[in-house]
Amino acid sequence: MQPDQDGVRPNYIAGGWRPGPSARTNENPSDLDRPVGLYAHASAADVNDAIGAAREAAPGWGDAPATTRAAVLDAVAHELRARREELGRLLASEEGKTLSEGVAEVARAADIFRYYAARTLDPHGELIPSARPGVEVEVRRRPVGVVGVITPWNFPMAIPAWKIAPALAYGNTVVFKPADLVPGCAWELAAIVDRAGAPPGAFNLVMGSGSVVGEALVRHPGVDAVTFTGSDRVGRHIAVRAAERLAKVQLELGGKNAVIVLDDADLDTAVALVTQGAFFSTGQRCTASSRIIVTPGIHDRFVTALAERTRALRVGHALDPDTEIGPVVDDGQLEKDLEYVRIGKDEGATPLVEGSPVQRGTRGHYLSPTLFVDTHPSMRINREETFAPIASVIRVSGYDEALAIANDTEYGLVGAIVTTSLAYADHFKRHAQVGMTMVNLATAGQEYQAPFGGAKASSYGPREQGAYAKEFFTEVRTSYVKAG
Ligand code: NAP
Ligand code: MG
């Protein structure tokens, strides 16, 4: 069937392309005069149909030989890899991160599908000795059933990949609702899964808003599990909805990630990894470095060097090869970012580099980065997730104070330390209240084969990625067997 009806990209339900009751323009934040395209919105009835199709497909897909599922995932990986330049361009166009970041994200999505293709052949059970003669106790992992996948806009390919690939690999069927701001990558992924030979209903795409499509998905009794990445506000709401009907739920939420820079740090390493963590991807990462906690012996040198690097960062069109920081995703986020610059100044922080909207050759949401110094841990810019190219430096007396401040937040996604001292690095690894620690590495840049997730309010439920993903995407069944 024609996958592009009257110039509108349709939803993908029960193995077919289906138009929606309305459509939305996918904006290009680098060039508002050249939108990416029109994408259908699904109705609540479409969502119900998608869930129905997923339920029908679940037994067949779950019981299919592992090699059948592996072949589909492998084919997805293959096409993503082959088209990474083109799809990376699409990603950069609809989300605003740079072309090289976009291409790398598509390549990573390909790696994730390939990785989970291999995981289908992992052993999925164990034998436990019985206390009774002649009895065998066997544990096997079964698919959960129908999984609802709800994703944010900031990683339009990688986050869907790291939810959808393990969901399918472990034998579940999927109904996927991408963020309304970035339907382009999601739609391409659906077309790729279709071509890869997934049976009808095993994978479904329903595009549209959280309030209509997301709600319909989360409330439906036919959805056995919901995996969500996004804001804590929406995440908490989804957890309550899921708990009401005892559906399984996994949430990956916000962060307020700290980087501790100690006196003995290598200055160039510290500046490079803070620049990367705080400003690349326009600061729009849950793993962004936003609180830079610095000890006195290196403080002034570090701040001077970081300010120089921050001023030199090139903000521009996502597809311009010289661009280091692409535009902010949309006008609402730009407003929010500028509001945090104002809040920081009102609270008494010093904007050593003050970000402001900048003009480029095309109409876009361009914003230069902000570096605050002389900030206090109690300031709102140090407590709330900004999701912006804003970093604030907090000066501390030494490591103990640095660690206490790093831990003084409701969030706990990732923390980094820059030091040449093994003793401090080791102490930090064990005492930072986060799900992931980085030593002499940026807060962003996690790898797909390792578990991903946070402590405290940053995550809820089992970890994502790596082999740990099976904790969410499978259920354990215990069988007691007596021969004869
Ligand atoms: P968001 O506003 O929470 O939206 C996330 C997704 O939930 C979107 O698809 C959204 O739909 C949908 N949604 C909204 N309301 C819903 C409802 N009532 N029921 C079901 N679904 C609903 O987050 P965002 O602005 O897209 O993303 C930014 C946030 O994501 C940040 O807080 C960031 O930290 C977090 N994030 C976390 C991680 C992590 O792994 N920890 C990674 C990346 C991002 P719409 O299309 O209508 O928005
Ligand atoms: Mg867009």
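Counting convention: from 1, in listed order, for ligands and their atoms alike.
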Atom 21 (N) of ligand 1 protein-contacted, heavy-atom criterion under 4.0 angstrom: yes

Check: Leu413 N/O within less than 3.5 Å of ligand 1 N/O: no

Residue Ile150 vicinity, atoms of ligand 1 by number, heavy atom under 4.0 Å: 6 (C), 7 (O), 9 (O), 12 (C), 20 (C), 21 (N)

Contacting atoms of ligand 1, where contact means under 4.0 angstrom from a heavy atom of Phe452: 40 (O)

Donor-acceptor pair between Tyr115 and Gln465 side chains, under 3.5 angstrom: no

N or O pair under 3.5 Å between Leu253 and ligand 1: yes

For atom 27 (O) of ligand 1, the protein heavy atom that lies nearest, with its residue and separation: Pro152 CB, 3.3 Å

Under 3.5 Å side-chain donor-acceptor pair for Gln284 and Ser281: no

Taking atom 11 (O) of ligand 1 as the reference point, the nearest protein heavy atom with its distance: Lys177 NZ, 3.1 Å

Residue part near ligand 1, for Arg285, under 4.0 Å between non-hydrogen atoms: neither

Min N/O separation Thr151 to ligand 1 under 3.5 Å: yes

Exercise: do Glu94 and Asn26 side chains pair donor with acceptor under 3.5 Å: yes

Proximity winner for atom 7 (O) of ligand 1, if only heavy atoms of Tyr411, Phe387, Phe228, Trp162 are counted: Phe228

Residue pair Ser392 / Asn382, side-chain donor-acceptor N/O under 3.5 Å: yes

Arg195, CZ atom: more than 12 neighbouring heavy atoms under 6.0 Å: yes

Option of least heavy-atom distance to atom 17 (C) of ligand 1 (set: Gly208, Gly214, Gly210): Gly210

Heteroatom distance test (Ser231, ligand 1): nitrogen or oxygen, under 3.5 angstrom: yes

Numbered atoms of ligand 1 (with element) below 4.0 Å of Thr229, judged on heavy atoms: 5 (C), 36 (N), 37 (C), 38 (C), 39 (C), 40 (O), 42 (C), 43 (C), 44 (C)

Whether Trp153 and Phe387 hold their rings parallel, tilted or perpendicular, with breakpoints at 30° and 60°: perpendicular

Part of Val234 within contact of ligand 1 (heavy atoms, under 4.0 Å): side chain

Structural part of Asp180 in contact with ligand 1, heavy atom criterion under 4.0 angstrom: both

Straight-line distance of Ser459 OG to Leu251 CG, nearest 0.5 Å: 8.5 Å

Neighbour count above 12 (heavy atom, 6.0 Å) for Arg309 CZ: yes

Part of His237 within contact of ligand 1 (heavy atoms, under 4.0 Å): side chain

Interfacing atoms of ligand 1 (cut-off 4.0 Å, heavy-atom, Cys286): 34 (O), 36 (N), 37 (C), 38 (C), 39 (C), 40 (O), 41 (N), 42 (C), 43 (C), 44 (C)

Asn204 and Tyr12 side chains, donor-acceptor separation under 3.5 Å: no

Which segment of Leu217 sits under 4.0 Å of ligand 1 when only heavy atoms are counted: neither

Modelled atom types, side-chain donor and acceptor of Thr443 and Thr287, under 3.5 Å: no

Part of Thr287 within contact of ligand 1 (heavy atoms, under 4.0 Å): neither

Distance-only donor-acceptor check, side chains Lys163 and Thr229, under 3.5 Å: yes

Heavy atom of protein closer than 4.0 angstrom to atom 4 (O) of ligand 1: no

Ligand 1 contact by Ile159, heavy-atom criterion under 4.0 angstrom: yes

CD/Gln449: more than 12 non-hydrogen atoms of other groups inside 6.0 Å: yes

Parallel, tilted or perpendicular: rings of Trp162 and Phe155 (30°, 60°): tilted

Between Tyr411 and Asn257, a side-chain donor and acceptor under 3.5 Å: no

Atoms of ligand 1, numbered as shown, that sit under 4.0 Å from any heavy atom of Glu215: 17 (C), 18 (N), 19 (N), 20 (C)

Part of Phe155 within contact of ligand 1 (heavy atoms, under 4.0 Å): neither

Distance filter under 4.0 Å to Asn154 heavy atoms, resulting ligand 1 atoms: 43 (C), 44 (C)

Heteroatom proximity flag, Ser209 to ligand 1, N/O under 3.5 Å: no

Minimum-distance protein heavy atom relative to atom 25 (O) of ligand 1: Trp153 NE1, 3.1 Å

Heavy-atom neighbours of Glu244 CD exceed 12 at 6.0 Å: yes

Option set Ser458, Ala288, Gly230, criterion heavy-atom distance to atom 29 (C) of ligand 1, minimum: Gly230

NZ or CZ of Arg430 within 45° of Phe428 ring axis and under 6.0 Å: no

Which of the ligand 1 atoms, numbered from 1, are nearer than 4.0 Å to a heavy atom of Ile238: 20 (C), 21 (N)

Ligand 1 to Glu385 polar contact by distance, N or O atoms, under 3.5 Å: yes

CZ/Arg245: more than 12 non-hydrogen atoms of other groups inside 6.0 Å: yes

